[in-house]
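Quick note on labels: first sequence line is chain A, next is B, and so on, each numbered from 1.
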Amino acid sequence: MPESTTAARLQPAPRRRWPRPGVTLTNTAMLLYALATLYPLIWLFQSAFKTNQNFFEKPFALPDTWVIENITRAWALSDMGRATLNSTIVTGSAIVLTVLLGALTAFVLSRFRFKGRTLLSGVFLLGMLIPIHSTLVPLFIMMNQAGILNTYWALILPYTSFELPLAIFIMAAYMSAIPKEIEEAAIIDGSGYWGIFVRMIFPLTLPAISTVAILAFLRYWNDFAFALVFINEPSLKTIPLSLAIFSDGFGTDYALTMAAMAISVVPTIVIFLIFQEQIMKGMVAGAVKG
Amino acid sequence: MITSMRSGRFVALALLPSLLLYCFFVIVPVFWSAYYGFFEWSGVGATKGIGLQNYAEALQDPVFWRALKNNLIIVAASIFGQVPIALVLAILLNKNSLFHRFVRSAVFMPMVLSTVVVGLIWGYIYHPQFGLVNFVLEAVGLDNWTRGWLSDPDVNMYAVAVPIIWNFIGPYLIMFVAAIQNIPSEIDDACLIDGAIGRKKLLLVTLPMIWNMIKVVIVLCIAGSLKAFDQVFVMTGGGPAQSTELLATYMYNNTFNIYRYGYGSAVSTLIVIISMLMIGVSQVLMRGKES
């Protein structure tokens, strides 16, 4: 479109070509603030590639020599491979369970009218007020009696249960915006309710489901309190748990501890960089409802 | 909305699994812990009913009250640290330009880190021998300010509050930004006409317009600070000499370090009661101001 380009060129130059000094000053301050916020993380990554000597002497400097070996040693010595596998199994199963149960419940709560619907929504919302730590002791005793302590289930089931309120809330809000003619048409076509859920509502809700899955991933992958109390078996330890113990066991090998931590945060940072907007919106929604 | 009679069985069947799971793992434990609180039990062997003794003991233990006080320090640090910082940032960063979005993402980033990693990193930052804080103080000649930030009982509660503030500013910033962006553009025009610009506009227009959001954030700060556990547990474990004990670490240490399950259950129940009270009181206070 050559014409419009010319038109744009012909427009008078903006009166102020440079931002006012005040704006530049605040922007610089904001940039410094952002860097200060990110600094602990930057420091973690640069320290992960240092020798212990280098780490003590010049804590702020970039590594004198980049010791890639720290990473491989941390992976081998701290059993990070096993921990990553455990975290993946637990997180993955709990996400699937959360999405399936959450979507089904959200479907019923948002699109059916029945006695006790408001009460039920209230009960689910109430759960968000219960401080998680106050359930550690009773859950420990209950799961001990049920014989599921020190199994993957000891994490999968509590994770799912505590995430359900937020999952239901996010998905129900999304589902109630889907036009109800969809069900009417499906019922006329002879679909059952399960059919409507599986073939129509679930696929249509995928955007909300992905938000739920991402938030659940961050919560489960990073969880410490449940893993600390419910898992004692070394071969079942998740990443945060093995990191916490690792830092004791290798107390003086700081480079190694830093390297192990650096490995562990990479997946969450990648997920954050890809899904920033979704994560921020979802976490804010979670905070407001909780 | 589907209301036909046939749907009743589907509704029941579809709700059953999540309702069972949710009740068993979220609701029932609260009542069980109140019940277990009436017993003395070391995890193995017989339980012994001792009535209200556990509850009475907790309420008479000075460490329990110190833990509550420390929790309140975290609440205060959130309200007077997180809210002003998030508010100032939101006022300066409410455009959707690339730069503003970048800074907002950077501030949000700690939210996705594992709290264990946060605790460990800050443990190193505060380390008495090679920590960054002491290193900087020595470099600028303030040698006598250096100390064991996490071991000195005069400062360690404030030291552990800093990472918690750093960790959770993100969502509050996003909420304030959303509130500021929600102010209708007609109001901007009106301000321009009436000559309300700069600081005047901020104080007389922007802040009053987002006042409700500020109240919501303060209530969230109170609820969120009561959940603090991981970072403190990793950094200090509640020590030294229980000087950084929070209600949650106090509960954990009593239950799983010295195996007093009954006592730990009683403390858990007190945590639920205290949380509900604080959330209730804060909401009533905030609502009261509105009318």
Side-chain angles (χ1 to χ4, degrees), chain A residues 26-27 30-31 33-34 37-38 40-41 44 56 59 101 104-105 107-108 111-114 124 127 129-139 141-142 157-158 160-162 164 180 183 193 218 222 224-225 229 240 243-244 247 257 261 264-265 268-269 272 276 279-280 283-284 287-288 290, chain B residues 1-3 7-8 10-11 14-15 17-18 21-22 25-27 29-30 32-33 36 92-93 99 102-103 105-117 120-121 125 130 132 135 166 171 174-175 216 220 223 226-227 229-230 234 248 251 255-256 261 264-265 268 271-272 275-276 279:
Chain A
T26 33
N27 279 353
M30 288 300 104
L31 189 65
Y33 187 86
T37 301
L38 293 179
L41 208 58
L44 168 67
F56 291 132
L101 292 182
L104 195 56
T105 312
F107 173 54
V108 174
R111 305 188 74 86
F112 287 79
R113 192 165 297 155
F114 58 94
F124 276 114
L129 288 177
I130 294 174
I132 281 190
H133 303 114
S134 67
T135 62
L136 289 175
V137 182
L139 275 181
I141 300 174
M142 287 161 69
L157 297 178
T160 306
S161 312
F162 278 90
L164 269 179
K180 64 173 188 291
E183 277 116 333
Y193 298 121
L218 292 172
N222 289 335
F224 177 59
V229 174
L243 275 181
S247 71
T257 314
M261 284 198 275
S264 80
V265 297
T268 54
I269 291 178
F272 178 66
Q276 286 178 47
I279 290 174
M280 292 197 227
M283 280 191 171
V284 167
V288 176
Chain B
M1 282 289 171
I2 300 172
T3 44
S7 64
F10 172 78
V11 166
L15 286 178
S18 49
L21 200 62
Y22 175 78
F25 285 94
V26 182
I27 305 288
V30 176
W32 270 122
S33 81
Y36 290 139
L92 298 172
L93 291 169
F99 176 69
F102 162 75
V103 179
S105 293
V107 174
F108 200 90
M109 174 77 97
M111 279 296 289
V112 304
L113 297 180
S114 135
T115 44
V116 172
V117 172
L120 289 173
I121 296 181
I125 291 176
F130 58 80
L132 294 183
F135 189 89
W166 173 78
I174 304 297
M175 288 165 72
V216 169
L220 290 180
L226 291 168
K227 293 180 193 146
F229 170 77
D230 300 9
V234 172
M251 178 273 301
T255 316
F256 300 104
Y261 291 93
S265 301
S268 300
I271 293 177
V272 176
S275 307
M276 295 298 167
I279 293 170

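Of all heavy-atom pairs between B:V107 and A:T37, the closest is CA-CG2, 3.9 Å. Smallest separation of non-hydrogen atoms from A:P40 and B:W166: CG-CZ2, 3.8 Å. When all heavy atoms of A:M30 and B:V103 are compared, the pair lying nearest together is O-CG1, 3.9 Å. Of all non-hydrogen atoms in A:V284 and B:P171, the two that sit nearest each other are CG2-O, 3.8 Å. The nearest pair of heavy atoms linking B:P29 to A:L139 is CG-CD2, 3.7 Å.
Interface remark: A:P158 contributes backbone and side-chain atoms alike to the contact with chain B (heavy atom separation under 4.5 Å). Using a 4.5 Å cut-off between heavy atoms, B:F99 touches chain A through its side chain atoms alone. The contact between B:L113 and chain A is made by backbone and side chain atoms together, counting heavy-atom distances below 4.5 Å. Of the atoms belonging to A:T105, heavy atoms from both backbone and side chain fall under 4.5 Å from chain B. Within the 4.5 angstrom heavy-atom criterion, no atom of A:I132 approaches chain B. For a residue to count as touching a neighbouring chain, one of its non-hydrogen atoms must lie under 4.5 Å from one of that chain's; by this rule B:M111 touches chain A with backbone and side chain alike. When heavy atoms are compared at a cutoff of 4.5 Å, A:Y33 approaches chain B solely by way of its side chain, counted from C-beta outward.
Using a 30° and 60° split on the angle between ring planes, B:F10 and A:Y193 fall in the tilted class, from 30° to 60°.
Considering CG of B:L92 and OG1 of A:T26, their distance stands at 6.0 Å, rounded to 0.5 Å. If you take CE on A:M280 and CE on B:M175, they are separated by 14.5 Å, rounding to the nearest 0.5 Å. With rounding to the nearest 0.5 Å, the separation of CD1 in A:I141 from OG1 in B:T255 is 8.0 Å.
B:Y22 places a side-chain N or O within 3.5 Å of a backbone atom of A:G127 that can act as its donor or acceptor partner.
Ranked by non-hydrogen atom pairs under 4.5 Å with chain B, the options A:I130, A:I269, A:T160 are led by A:I130. For the set A:S134, A:S264, A:A34, A:P240, the count of heavy-atom pairs under 4.5 angstrom toward chain B peaks at A:S134. The most heavy-atom pairs under 4.5 Å with chain A, out of B:S275, B:P17, B:S105, come from B:S105. Of the residues considered (A:V265, A:L157, A:T135), A:L157 shows the highest number of contacts with chain B, using heavy-atom pairs under 4.5 Å. Annotation: maximal heavy-atom pairing with chain A below 4.5 Å, among B:F108, B:Y261, B:F229, B:W32, occurs at B:F108. Each of A:V108, A:T268, A:L41, A:L218 has some count of heavy-atom pairs under 4.5 Å with chain B, and the biggest count is that of A:V108. Among B:V11, B:I271, B:I174, B:V272, the residue with the largest count of heavy-atom pairs under 4.5 Å with chain A is B:V11.
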Passes side-chain contact (heavy atoms from CB on, under 4.5 Å), A:S161 versus B:V26? Steps please. CA-CA 7 Å; A:S161 312; B:V26 182; 3.8 Å; yes

Check the pair A:F114 / B:L15 against side-chain contact (heavy atoms from CB on, under 4.5 Å), numbers first and verdict last. CA-CA 12 Å; A:F114 58 94; B:L15 286 178; 3.8 Å; yes

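Scored by the side-chain hydrogen bond (donor to acceptor under 3.5 Å, both in side chains) test, B:S265 finds no partners at all (sequence neighbours excluded). Listed by chain and residue number, nothing satisfies the side-chain hydrogen bond (donor to acceptor under 3.5 Å, both in side chains) test with A:N222 (two or more places apart in sequence, or in another chain).
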